[in-house]
Every structure is written in structure tokens, then in C-alpha cells.
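Throughout, a chain's letter reflects where its sequence line sits, starting with A, and its residues are numbered from 1.
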Protein chains: 2
Amino acid sequence: MSRTPLHPTREQIELPMVLDCLSDPIRLAIVYQLAQQERVSSELRCGDFSGLGAKSNLAYHFAKLRECGLMQTRVAGTNRFMRLRREDLDVRFPGLLDAVIKSAAKDAERLQLVVGCDVVEAD
Amino acid sequence: MSRTPLHPTREQIELPMVLDCLSDPIRLAIVYQLAQQERVSSELRCGDFSGLGAKSNLAYHFAKLRECGLMQTRVAGTNRFMRLRREDLDVRFPGLLDAVIKSAAKDAERLQLVVGCDVVEAD
DNA sequence: CCAATAGTTCAATAATCATTGAACATAAGG
DNA sequence: CCTTATGTTCAATGATTATTGAACTATTGG
């Protein structure tokens, strides 16, 4: 198992791959959740998405999101912390990520997105 | 053959379907070309895209673009004239289409897009 | 060392997708 | 009417895709 998964450089990020990645409802939900977290800590663990499906399926989608350059994974012990590659994407495709997030937010209900109203996790 | 193909209503347009449609290089090229034509006549015939592949394959992609609500087809004699559903998309997902077009323009070379510098068709 | 936790990888499945050429439908023009 | 031009539909193909559960890896904590 590689310590830190491979990510494309900023310049290697390709538009069709990004759009394809965002076209899957589960991946869109992941990105949306990460975008909401940006206001707070900007990072989430894989486990925080368990509501979206089985672990192995999520790992598959995480890999896709990494490969296309949408998010970055940082390994810390037995956890993986992931965040949006906001700056890279904004430089590469200005306005795109925001437009997608806003569009998703407009359809939050239809897309069954978790509305993160200043998420306070029970502990 | 149906006279005028079915199109979804504005409200029926769904984000994942739109993104998936735009994630295919050929369809992205079609949309890009239609967007450039907006400055001029706003409509193009199917045949104007012959550079992008075989006729039957293009018909397949046209159908996808229609079904997801990205474009509209108007039948006129033996021709089909198509245009972007710009207004519907801008109302439904503000800023999304523009962001995608601009992103595509930035990568025009990489995406092998036809750069329409005030296209003057030979006749 | 052992057990529990967090994720990934693998193999198998069913479903969808893009592409092709041939056949078809429709309308225009001689 | 016959031919030509413009697109669509159909059937077949090979390639991806999402999903699942089981096996595996690695780290933490007792």
C-alpha cells in the first residue's frame, strides 16, 4: 500500500476527467461535503462519508477523485485526511468548481446531499 | 422518425446528466462549437460537426445532448438545426455553462477544439 | 503480542457506454 | 418518379463502469 497516493500535478488536471468525476452522484456528494467543510477545517476522513455507501465502494470513488485531481489525500496514522484541491482547480479552471458546487446546492434535495448547516458532530 | 425530438423541460434538467454529457470530448467539442456560434447565428446543422466523427456516432452524441437538456433540435426540411439551451441552463445552473466553456477554451489545443475565429465558411 | 480500527486491493458481476457500418426514413430537386 | 442529401435507427462489438464482499495492509492501543 503506497504511503501517499499519487496525485496529478496542477497542469495535468484534465477537464473531461474532472467533469466525468463530478457526474457521479456519489462523487458529487463527496465533493459537496468537502466543499462545505472548507469553511471549517477543510479536511475530512474517509469514514466521514460512510453514509454514502460501502467502504470498498467509497475507496473506489476516492481513488477516482484523486486521479482526476479533484482532491488530495494525506495519510496520518491509520486515517486518511482528504481535502479539495481548491486552489489548483481555481487556477486551472476558474469558476468551474464554484459553479458546480452552487448548482449542486440548488438541487441538494434532489441529489440527496447532506445539508451541512454548520455541522456539529455528536461525540 | 419523430418530427421533433423530445427534450426535457427546464426543471427536468439534471446536474449529473449534464456533467456526464459534457465529460465526453466529442460532446464537449459540439457544445463548444455551438457556444461559439452563439455570437453569430446561434444555430448549426448536424453536418457542421462532421469533423468530429462518423455520422452515426454523432447522431448518438446529439441524442445524448438533447436528452440531458444541453441542446435543442429544430427540424427544417432535411436539415436539423441545433442550438444550446443557453437560457434554460443559465436559469437552472447559473454560471455552470460559462465556466465549462471558458475552461474548455483554455484547453482548446489539448482538447483539439476547433477555434472559431469568426468562422467564415467557404461556400 | 493481540485485538481492534481504518482503508485499500482484488475478483467477480451486471450494466452502461462509445463506436462502427448497414439499413432506414424523409425531404428536396431534377 | 428517381436520385441525392441529411440524419436517424439498429445490431453488434469491445471497453469502461459501479458495486459487492472477502481478503489484505498498516497503525494504534491495551
When you measure from the side chain of B:A59, which nucleotide among D:dT9, D:dA5, C:dT8 comes out closest?
D:dT9
Choose from C:dT20, D:dT17, C:dA6 the nucleotide whose nearest atom is closest to any side-chain atom of A:K64.
D:dT17
In whole angstroms, how far is the [atom2] atom of [N] from the [atom1] atom of [X]?
| X | N | atom1 | atom2 | result |
| --- | --- | --- | --- | --- |
| B:N57 | D:dA15 | CG | P | 16 Å |
| B:L65 | D:dG7 | CG | P | 15 Å |
| A:D20 | D:dT17 | CG | P | 7 Å |
| A:D48 | C:dA6 | CG | C1' | 12 Å |
| B:R45 | C:dT26 | CZ | C1' | 16 Å |
| B:F81 | C:dT26 | CZ | P | 19 Å |

Given [N], is OP1 or OP2 found less than 4.0 Å from the side-chain N or O atoms of [X]?
| X | N | value |
| --- | --- | --- |
| A:K55 | D:dG21 | no |
| A:R80 | D:dT25 | no |
| A:N79 | C:dG7 | yes |
| B:H61 | C:dT19 | yes |
| B:R66 | D:dT8 | yes |

Could you see if A:L52 belongs to whatever hydrophobic cluster contains B:L19? Use Ile, Leu, Val, Met, Phe, Trp, Tyr and a side-chain cutoff under 4.5 Å.
yes
Of A:A54 and A:A76, whose closest DNA chain D nucleotide lies nearer the 5' terminus?
A:A54
Report the residue from B:L70, B:L34, B:L65, B:I13 that forms a side-chain contact (heavy atoms from CB on, under 4.5 Å) with B:R85.
B:I13
Kindly indicate whether the side chain of B:M82, heavy atoms from C-beta on, has any atom under 4.5 Å from the side chain of B:Q72.
no
Taking side chain as C-beta onward, heavy atoms only, is A:P94 less than 4.5 Å from B:K106?
yes
Check every strand shown and say whether B:I26 touches a base, only sugar-phosphate, or nothing at a heavy-atom separation below 4.0 Å.
sugar-phosphate
Comparing nearest nucleotides in DNA chain C, the 5'-proximal residue of the pair B:T78, A:M82 is A:M82
Hey, are A:D90 and A:R86 close enough for a salt bridge, meaning a charged N less than 4.0 Å from a carboxylate O?
yes
